[in-house]
Participant: 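Supplied in structure tokens, the structure appears directly below.
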Amino acid sequence: RRLRTHGLGSIPRSHNRAVEASSRGLRPFLRAMWREQPPAASSAESGYTQVRREILLEISEAPQRQAPAFRELLRSWPKWVLPSVLLGTMAGYALTLCFDAGASIVHTADGGANALTLKADLRARTDWRVARGGHDSFPQLQLSIDGSDFAPFQLRGFDYSPAAKCCANNDFSPFQVDIYTRDIPRMARMGANAIKLYGMCDGVLDKSNLCGKPAPGCLTKPVSVADVLAFLDFCYDHRVFVLLASRPGPGDVDAYAHIASTYGGHPAVAGALIFAETLDLPHFDEVGKALHDGFSKVLGKDPAKTSVEQAGRIIGTAAQMQIPTEKFQSKYGQWVNVWGFDPYDRWHYAKDFLPKVPYKPYMLTENGILGANNAGCRTDCAAPCPSCDMQECACIPCTCLAEPWRKYVGWMKDSSLAGLFIFEWTDECWKGGAAIVGGAATNGPDGNQNPFCIETLVKGEGPGFHEANHGIFSMSSQGVLVSKSIGKGETFESVLSGVWAAHRPGAG
């Protein structure tokens with residue numbers, strides 16, 4: 001139900017291995033893969049135990065009968081051709097598929113004696129791997145889609161915590177349909193291909209993350225596993241990959257095991273980050289192993305025989321300056337394949353970097369809009385600040401960040417790092433002065449007092465001016481994104497789009 005439908009395929013019983021597809025786009029898709037990837041018994045047999053199990057989970061009871069010919073057809077396909085199957089009725093044919101001990105069971109209505117009709121999702125298979133660097137080369141993050149050759153890939157995107165006005169810090173906002181359908185297409189148009197989360201809610205992860213009752217006026221809904229999967233489907237439709245995360249605390253190992261087993265096989269999932277900034281070091285390795293084993297299993301790999309670099313998903317960090325040190329990496333690097341940290345600086349690779357530990361790829365998981373430095377700005381400052389002195393200005397105009405931003409975007413264009421994440425997508429009211437220092441509250445939409453509805457307009461309202469105004473967008477009270485102007489007809493968005501959108505969506 002959550003999977004996309006690519007079309008109908010008609011499979012003649014008299015030709016077990018022939019595929020005739022009719023309907024939008026399925027015919028060339030299947031035939032092209034058939035030519036490029038001829039059936040190989042070894043690859044099919046090695047992968048179909050997992051695929052059968054995945055299909056079985058999608059299926060409810062329905063009239064059934066044996067169809068050995070169809071079973072033989074499926075068995076001949078490479079495992080990445082048909083990772084999931086949808087059931088339903090279309091064009092007068094009803095079909096139900098499930099697997100029991102390797103036997104296909106099929107029901108048709110008005111299908112005729114010589115044809116079965118298939119309504120299938122040809123959801124992509126993505127596989128990530130890491131190539132270590134050395135004394136004469138930098139490390140690389142690489143991606144394969146649908147069995148293609150691995151190619152270098154750079155994640156480019158945003159720290160995504162789109163808490164609306166009147167909402168406290170929370171982990172359910174990214175999965176609200178009205179929010180992500182507003183944001184993800186716009187990111188894709190800009191050329192972004194990734195987002196990084198800080199935590200997750202889905203009904204299972206709630207006790208480990210910020211998933212409590214919304215503050216008055218915060219119009220969000222509870223999140224389920226199905227909601228997260230729908231979010232991931234939407235992200236992949238726009239070729240925006242996702243780095244998942246859970247927060248540190250009791251139950252965090254189980255939380256990450258759930259993330260890997262439940263979401264790790266989805267093509268939109270680039271991987272997961274072991275916490276963000278605040279680390280549960282006593283459980284760090286245990287979380288990393290849970291991710292490695294969970295990702296390996298859902299991708300059909302044997303965890304005992306799969307190196308961390310070949311696990312198929314990123315297992316990374318999003319910490320601070322302890323990351324680029326031999327001491328930290330030698331102690332906590334066993335289950336990490338990509339190092340991420342928040343330098344707020346133009347950090348870059350160096351030859352022979354930390355030669356005593358494996359040279360794995362790096363991501364800058366937070367960098368700010370002041371030429372990578374940490375700063376916020378507004379487009380509605382009541383008083384001008386021609387000096388652009390961050391200490392002197394009561395309200396920092398976004399025009400003060402224009403030149404540092406242009407230079408930083410130019411620097412990112414030539415960076416060879418595995419990932420570049422901008423802090424952040426939208427302003428967040430909850431970080432403002434009133435919320436931090438307990439200033440005057442305001443009425444939320446339901447009439448209740450809620451300090452998280454207050455915008456921090458000047459630094460005198462509290463210490464949170466920069467944190468509350470970090471976004472490349474502000475938000476109207478109706479939740480509409482407002483692209484921040486930096487002068488001369490440009491916005492943060494337009495400058496970034498001019499570089500990132502030069503690459504096709506989803507490309508590295």
Side-chain angles (χ1 to χ4, degrees), residues 2-3 47 49-58 79-80 83-84 121 123-130 141-147 153 155 171 174-175 194-205 208-209 223-236 240-247 251-276 285-318 335-338 340 419:
R2 70 180 190 279
L3 304 175
T49 299
Q50 178 209 353
V51 174
R52 289 191 186 104
R53 187 184 312 121
E54 187 172 335
I55 293 173
L56 182 60
L57 294 175
E58 296 294 333
K79 63 184 177 181
W80 44 268
S84 301
D121 168 59
R123 194 170 61 178
R125 176 184 173 91
T126 53
D127 198 357
W128 300 81
R129 76 177 185 189
V130 162
L141 177 66
Q142 300 175 350
L143 172 64
S144 166
I145 300 179
D146 284 338
F153 195 97
L155 296 168
D171 295 319
F175 309 109
I195 55 175
K196 176 179 79 69
L197 303 181
Y198 291 89
M200 298 176 64
C201 306
D202 68 357
V204 178
L205 297 167
S208 299
N209 293 278
V223 178
S224 67
V225 168
D227 294 327
V228 176
L229 291 169
F231 162 79
L232 292 173
D233 285 344
F234 192 81
C235 288
Y236 193 75
V240 173
F241 296 101
V242 185
L243 287 172
L244 306 176
S246 188
R247 296 183 183 266
D252 50 22
V253 177
D254 290 340
Y256 275 98
H258 169 75
I259 287 173
S261 63
T262 306
Y263 307 115
H266 197 288
V269 174
L273 301 175
I274 306 175
F275 315 123
D285 283 345
E286 195 175 353
V287 166
K289 187 177 189 305
L291 288 173
H292 169 269
D293 293 0
F295 286 151
S296 297
K297 288 176 182 177
V298 298
L299 296 173
K301 304 181 181 187
D302 182 350
K305 299 178 180 179
T306 303
S307 68
V308 70
E309 288 88 356
Q310 304 287 332
R313 294 290 184 260
I314 294 168
I315 303 173
T317 57
W335 302 109
V336 172
N337 54 28
V338 178

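Heads up: numbering here begins at 1 and tracks the sequence.
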Participant: Would you give the length of the straight line joining atom OG1 of Thr317 to atom CG of Asn337, rounded to the nearest 0.5 angstrom?
Facilitator: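 Between Thr317 OG1 and Asn337 CG, I get 10.0 Å after rounding to 0.5 Å.
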Participant: If you take all heavy atoms of Asp293 and Pro303, which pair is closest and at what distance?
Facilitator: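 The pair with the smallest heavy-atom distance is OD1-CB, 3.6 Å.
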Participant: Output yes when a side-chain donor or acceptor of Arg313 lies under 3.5 Å from a complementary backbone atom of Thr126, and no otherwise.
Facilitator: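 Side chain of Arg313 to backbone of Thr126, a donor-acceptor pair under 3.5 Å: yes, one is there.
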Participant: When you measure from the side chain of Asn209 to the backbone of Arg247, do you find a donor-acceptor pair of N or O atoms at a distance under 3.5 Å?
Facilitator: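 Confirmed, Asn209 side chain pairs with Arg247 backbone.
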Participant: Let me know which of Val298, Val228, Asp233 forms a side-chain contact (heavy atoms from CB on, under 4.5 Å) with His266.
Facilitator: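 Exactly one candidate clears the test, Asp233.
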Participant: For Val269, is there any backbone N or O sitting under 3.5 Å from a side-chain donor or acceptor partner on Tyr236?
Facilitator: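 A pair under 3.5 Å: no.
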Participant: Which atoms form the tightest heavy-atom contact between Ala260 and Ala290, and what is the distance?
Facilitator: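 Shortest heavy-atom contact: CB-O, 4.2 Å.
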Participant: Less than 4.5 Å apart, any side-chain heavy atom of Ile195 and any of Val240?
Facilitator: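 Side chain of Ile195 against side chain of Val240, heavy atoms only: contact under 4.5 Å found.
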Participant: Could you give the distance from OG (Ser246) to CZ (Phe275), rounded to the nearest 0.5 Å?
Facilitator: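 Ser246 OG to Phe275 CZ: 7.5 Å, rounded to 0.5 Å.
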Participant: Find the distance between CG (Leu273) and CG (Leu244) and round it off to the nearest 0.5 Å.
Facilitator: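 With rounding to 0.5 Å, CG (Leu273) is 8.5 Å from CG (Leu244).
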Participant: Checking side chain to side chain contact (heavy atoms under 4.5 Å, CB included) for the pair Ile314/Phe241: CA distance, chi angles, key distance, verdict?
Facilitator: CA-CA 11 Å; Ile314 294 168; Phe241 296 101; over 6 Å; no
Participant: Hey, what do you get for CG (Leu291) to OH (Tyr256), rounding to the nearest 0.5 Å?
Facilitator: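 These two atoms lie 7.0 Å from each other.
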Participant: Report yes or no: is the cationic atom of Lys297 (NZ for Lys, CZ for Arg) under 6.0 Å from the centre of the six-membered ring of Phe295, at an angle within 45° of the ring normal?
Facilitator: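 No, a cation-pi geometry is absent between Lys297 and Phe295.
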Participant: Does Val225 reach the side chain of Tyr263, with side-chain heavy atoms less than 4.5 Å apart?
Facilitator: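 Side chain of Val225 against side chain of Tyr263, heavy atoms only: contact under 4.5 Å found.
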Participant: Is a donor on one side and an acceptor on the other found under 3.5 Å between the side chain of Lys301 and the backbone of Gln310?
Facilitator: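 Side chain of Lys301 to backbone of Gln310, a donor-acceptor pair under 3.5 Å: yes, one is there.
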Participant: Any sub-3.5 Å donor-acceptor pair from Asp202's side-chain atoms to Ser224's backbone N or O?
Facilitator: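 Side chain of Asp202 to backbone of Ser224: no pair is present.
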Participant: Do you know which two heavy atoms are closest between Cys235 and Val242, and how far apart they sit?
Facilitator: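 Reported closest heavy-atom pair: SG-CG2, 3.9 Å.
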Participant: Can you tell me how far apart CG (Leu205) and OG1 (Thr262) are? Round to the nearest 0.5 Å.
Facilitator: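 It comes to 7.5 Å.
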Participant: Is there a donor-acceptor contact under 3.5 Å from the side chain of Arg125 to the main chain of Leu299?
Facilitator: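 Flag set: sc Arg125 to bb Leu299 pair under 3.5 Å.
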Participant: Can you tell me how far CZ of Phe175 sits from CG of Leu229, rounded to the nearest 0.5 angstrom?
Facilitator: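 Between Leu229 CG and Phe175 CZ, I get 10.0 Å after rounding to 0.5 Å.
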Participant: Any idea which heavy atoms bring Leu155 and Ala194 closest together, and the distance?
Facilitator: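 In this case the closest contact between Leu155 and Ala194 is CD2-CB, 3.8 Å.
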Participant: If every non-hydrogen atom of Gly288 is compared with every non-hydrogen atom of Ile274, which pair is closest and at what distance?
Facilitator: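 In terms of heavy atoms, the two residues are closest at CA-CD1, 3.8 Å.
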Participant: May I have the step-by-step check of side chain to side chain contact (heavy atoms under 4.5 Å, CB included) for Met200 and Tyr198, ending in yes or no?
Facilitator: CA-CA 7 Å; Met200 298 176 64; Tyr198 291 89; over 6 Å; no
